[in-house]
Amino acid sequence: MLRSLERERERGFRAFSEAATIAELEAAQVAILGRKAPFSDVQRAVGTLEPDDRKSVGRVINETRADLQRASDERRAELEAVAEDALIAADRVDLSLPGRRPRPGSLHPLSLAEDEIVDVFLRLGYRVAEGPEIEDEWHNFEALNIPPDHPARTMKDSIYVHLPGHPELLLRTETSSVQIRTMQSQPPPVYIVAPGRVYRRETADATHLPVFHQVEGLVVDEGITFADLKGTLDAVARALFGQDRETKLGPAFFPFVEPGAELAVTCMRCDGAGCPVCGNGWIELLGCGMVHPQVLENCGYDPERYTGFAFGLGIDRVAILKYRIPDIRLLVEGDIRFLAQFGASR
Amino acid sequence: MKVSLSWLREFVPIELGAEELAERIDARGIKVEGIDRPWNDLEGVVVATVTDVRDHPNSEKLCLASVDAGDGPVQVVVGIRNMAPGDLVPWAKPGSRVPLLDEPLGSRSLRGEMSNGMLCSPRELAISQEHETGILILPHDLTPGADLKTALGLDDALLDIEVEPNRPDFLSIYGVARETSSILGLPLAEPDADLEDDAERADAVAPIELRAPDGCPYYLARILRGASRGTTPIRAQARLTAAGMRPVAPIVDATNYAMLELGQPLHAFDLDRLAGPGIVVRRADAGEGLVTLDGIERELIDEDLLICDLEKPVALAGVMGGRSSEVSGETTDVLLEAAHFTRTGIIRTARRLDLHSEASHRFERGTDPEGVERAARRGAALIARWTGARVLRGAAQAGGPPDRRWVSMRASRATALLGYRVASSDAVAVFDALRMRHREDADVVEVEVPGYRVDIEREVDLIEEVVRIQGYEGVGATIPRSPAPGGLPAAYAFARRVRDALVRAGLREAKPLPFASEEDLALMGDGDAIPLANPLRAEEAWLRTSLLPGLLRTVGRNQRWGSGTVSIFEVGVIFRAGDPAEERRHVGFVHCGAAGEGWAADDRMLDVLDARGTLESLLGDVGAESWSLGEPLAGPFHPGRSARVLLGDEPVGVLGELHPRIATSLDIEGRVAVAEVRLDPLRAAAARAFQLVEVPRFPPVRRDLAFVVPAGVSAGALRAILDDAGGALLDRSTLFDVFEGGAIPEGRKSLAFALEFRAADRTLTDDEVEPVVVAIVDRARSELGAELRA
């Protein structure tokens with residue numbers, strides 16, 4: 001009996017170690033340790049032995065069964081590890097493949113620039129104001145100190161709309177008309193920026209479009225000075241183009257401000273050294289000035305009590321400078337290869 | 001205005017170079033746009049004496065000249081034979097450069113004869129724009145061998161000055177010189193206008209009568225007699241050319257030269273062609289005509305101002321002279337007009353006739369009435385010098401310059417406006433520098449405004465002078481803070497939100513021009529568009545009524561450029577006629593091309609369901625819940641793939657594919673799915689804030705049901721019934737399969753839904769769910785003929 005046990009142990013070890021798969025191992029398990037296996041026959045035969053022999057043979061049987069089971073378990077663990085390795089190996093992915101991702105969208109560069117400009121002013125406590133694009137001559141010209149025979153009225157050729165009975169309606173040439181509408185609609189203090197589209201009768205080329213975008217700014221309050229204008233616009237220029245920019249304010253003429261000024265910023269390409277983009281190191285950024293007392297009077301504000309400053313910043317100009325856009329027509333053509341550069345590319 | 005530095009130096013002893021000068025005056029309000037050096041490329045051309053001129057043996061057109069610049073005669077082949085032995089000519093010797101030619105000159109053989117360099121015409125030297133003037137014959141006082149550039153004073157720089165409308169005094173060399181002298185603290189010289197005393201008196205020759213003093217308050221004429229043809233000095237010709245004017249003949253050149261120098265337009269009449277002679281300034285009679293110098297008959301109205309002799313009009317005042325009294329080569333006696341015309345009259349006439357001259361440009365902006373006399377004297381002196389004419393004593397004149405006005409400012413007001421302390425003594429120093437007379441009384445400084453400063457009318461104009469001359473760099477920098485928090489108006493903020501939602505949905509923002517063509521309007525079937533009164537192009541003759549045509553054009557352009565897949569949107573304003581005209585914000589988008597690309601994509605093309613998906617994303621993103629799709633659309637849309645977009649019962653937009661015929665007519669390939677929605681109703685329907693619905697804690701019971709329905713039954717209709725019949729226990733229904741063909745009979749289709757039943761307070765049992773499923777199936781069968789698929 002002990003001999004047959006020894007034989008089964010030998011047979012079992014061999015069968016388990018020869019099992020090449022989990023399935024073979026399980027078959028071997030049944031063949032060696034199953035209910036119908038020779039080993040089980042031996043186990044059942046123990047009952048026929050003498051009590052003393054039964055005890056000693058029983059111990060050998062238990063030891064043998066435990067050894068065989070351990071051998072089976074170890075082999076199972078080995079086979080499982082091999083199987084898992086095979087599975088993992090088969091699951092390999094070429095990580096140089098482009099990833100799967102949702103189709104990317106993007107904002108237009110003019111929106112990016114407008115948001116950035118508006119957000120700077122929001123931080124300073126300004127409110128956004130809006131006005132109509134179809135404007136009347138009074139808001140677009142007269143109220144801004146540009147009478148019908150003023151030479152400034154020939155400087156920019158305007159586009160008029162044809163609405164019967166309204167020969168005075170045109171597409172606004174500046175967002176400055178929003179200044180007037182805001183002052184007419186509320187008492188001081190006024191701290192606003194007015195982003196929007198403006199129109200000039202120009203043929204499209206690399207530097208002109210009949211439509212472009214401005215952010216008009218207006219502050220009217222007691223005690224507002226030219227220094228307030230300078231400090232504010234210097235801070236805004238730095239916020240937009242980098243804190244290491246320098247700015248310079250120089251005289252300029254706009255009928256609705258006095259003193260009038262132009263703000264230049266050191267060139268972002270050459271840092272003010274002078275290059276083909278800027279010429280002398282400075283880039284003219286915006287027109288500005290102290291609100292003309294006549295304009296305040298036109299809107300019913302007392303110019304002795306209130307002073308203010310106004311400015312007009314070209315959004316297209318900011319976008320062109322920030323993103324180095326060589327031809328302004330790119331902004332309206334909608335070339336996907338252009339638009340895709342202002343967000344995740346495809 | 002091109003201002004020659006050498007000309008400027010005739011009035012102000014400027015020692016700075018052009019660049020440094022430009023920087024200094026630009027910072028004080030004389031805006032220098034650039035610096036030109038038209039004779040930069042003139043190098044090595046010398047004065048040479050012609051020693052011999054003879055025929056070219058092999059050419060009838062060419063001739064041979066020998067010229068001597070001091071080193072012995074050298075042969076040059078010449079195209080025009082207008083020089084004679086003894087003349088001085090500009091010789092561009094081998095190795096020299098002239099502005100008109102890219103390459104330095106060399107020695108080369110022309111038809112078998114050696115030409116050592118060339119002789120130059122005025123055009124080749126950038127002294128004149130004229131063609132075929134022949135070789136420039138130089139004045140005899142030049143020295144052979146001298147460098148031509150130095151000898152003619154062409155070593156010059158031109159400041160390109162942008163003259164803003166408030167400072168018309170900068171439309172003259174002298175005006176710029178005067179301001180420059182103030183800025184740099186240098187003396188200012190008077191123009192050289194010395195005249196010989198003449199026995200004959202001008203006022204005895206031609207009486208002047210002003211019948212329209214509101215249009216012409218001051219008219220002055222100098223009379224010259226005995227002019228010969230003469231020539232305009234080369235240097236003056238060069239200056240006229242550099243300023244953009246055309247040298248013609250000495251009398252006209254002198255009037256132009258004096259105008260450029262002093263800013264006062266002058267006009268020369270041939271005295272012998274003036275009836276009387278005498279001058280009457282009056283308004284035109286309506287319908288009266290005048291042939292101007294350019295040969296065009298002008299029809300006049302009664303607000304036009306005319307210069308007349310004693311019989312007929314001879315000039316359109318301040319705009320252009322008349323042909324009948326034009327000076328010519330035969331002119332010997334001249335009436336030289338210097339007059340002051342008021343701005344608005346000239347603007348109206350020039351604009352109405354679209355006739356713009358150097359003279360009208362200056363009168364429109366405002367000339368100096370006090371400068372009339374000086375300009376006439378200077379012009380007369382130049383004509384006398386250049387033609388040998390004598391200038392009669394005095395002037396014939398009527399009217400005169402107006403009295404100067406006084407304007408006052410308070411130093412305290414300047415301090416309050418500029419943000420730094422301005423004492424009245426500071427203001428006084430500024431007006432001293434500007435050579436303006438002033439009176440001072442404590443805080444108040446009163447200033448006498450000279451005739452050339454048309455811009456100074458009120459206190460703030462003087463305050464601007466103070467800060468301009470003191471320098472903007474001295475102003476401080478402070479930042480005022482709004483007393484209230486800033487913010488965005490609701491409509492503006494919502495437009496931003498819509499834009500951001502569409503970017504998240506994978507679209508790119510485009511901004512086409514907001515104009516429309518007739519074709520665009522026809523495409524959208526829009527009748528109430530607003531036409532432009534003065535469009536530049538037919539494609540821009542209207543304001544757009546829809547965002548779609550612009551977006552579709554963008555798609556077409558991209559296809560032509562090889563980008564077949566385009567998903568773009570715009571948030572922008574459209575316009576509709578009305579009283580008042582309507583401006584509305586819309587959002588529009590277009591999908592066209594492949595749904596995906598690359599190794600992982602299927603080869604599906606974008607279609608109306610992608611547009612619907614984008615619309616769902618957008619509406620879901622802004623929290624608008626009460627939307628639905630209405631009846632199919634006509635017009636440019638595919639009737640089986642389009643629908644009106646409704647919010648509640650209100651139509652707010654369109655969704656659909658273009659009709660294939662329309663897409664083809666727009667040169668767009670493939671399916672084009674679009675949508676356009678009005679923003680205002682969408683904003684009204686949008687959720688103001690997120691409202692939390694409790695997150696479920698108990699698991700759902702799931703049932704998958706596949707229905708076979710007639711092919712005409714829409715998924716939406718079936719789903720509506722499921723949702724309704726499912727009652728409170730049905731938490732979610734998801735369509736997960738749409739199938740036709742195979743085992744499904746012809747004319748029917750299979751729609752498979754995953755249903756999730758759930759209660760907020762317990763785990764549902766099958767017994768609770770089963771009756772609901774039965775009810776759902778019954779309703780679907782009875783109402784839509786739907787059978788549960790086995």
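Side chains included, hydrogens not; waters and symmetry mates left out as well; all remaining heavy atoms used. In what follows, chains carry the letters A, B, and so on, assigned in the order in which the sequence lines appear, proteins first and then strands, with residues in each chain numbered from 1.
Two residues are said to be in side-chain contact when any heavy atoms from C-beta on lie closer than 4.5 Å; B:K31 and B:D26 meet this criterion. Under the 4.5 Å side-chain criterion, counting only non-hydrogen atoms from C-beta, B:V573 is in contact with B:R585. Between A:V193 and A:V120 the shortest side-chain heavy-atom distance does not fall below 4.5 Å. Contact check for B:H361 versus B:V163: no side-chain heavy atoms found under the 4.5 Å cut-off.
With a 4.5 Å cut-off on non-hydrogen atoms, A:P148 touches chain B through its backbone but not through its side chain. With a threshold of 4.5 angstrom between heavy atoms, A:T307 approaches chain B through side-chain atoms but not through N, CA, C or O. With a threshold of 4.5 angstrom between heavy atoms, A:I224 approaches chain B through its backbone and through its side chain. Within the 4.5 angstrom heavy-atom criterion, no atom of A:P102 approaches chain B. With a 4.5 Å cut-off on non-hydrogen atoms, A:E262 touches chain B through its side chain but not through its backbone. Of the atoms belonging to B:E540, it is side-chain heavy atoms, and not backbone ones, that fall under 4.5 Å from chain A. For A:F121, no part lies under 4.5 angstrom from a heavy atom of chain B. Both the backbone and the side chain of A:A252 come within contact range of chain B, with heavy atoms under 4.5 Å apart. Of the atoms belonging to A:Y191, it is side-chain heavy atoms, and not backbone ones, that fall under 4.5 Å from chain B. If you measure heavy-atom distances from A:D228 to chain B, the contacts under 4.5 Å come from both the backbone and the side chain. Of the atoms belonging to A:N280, not a single heavy atom falls under 4.5 Å from chain B.
For the 3.5 Å distance criterion, the side chains of A:Y199 and A:E135 fail to qualify, holding no donor opposite an acceptor.
With chain B as the partner, the residue from A:E333, A:R127, A:Q294 showing the most heavy-atom pairs under 4.5 Å is A:E333.
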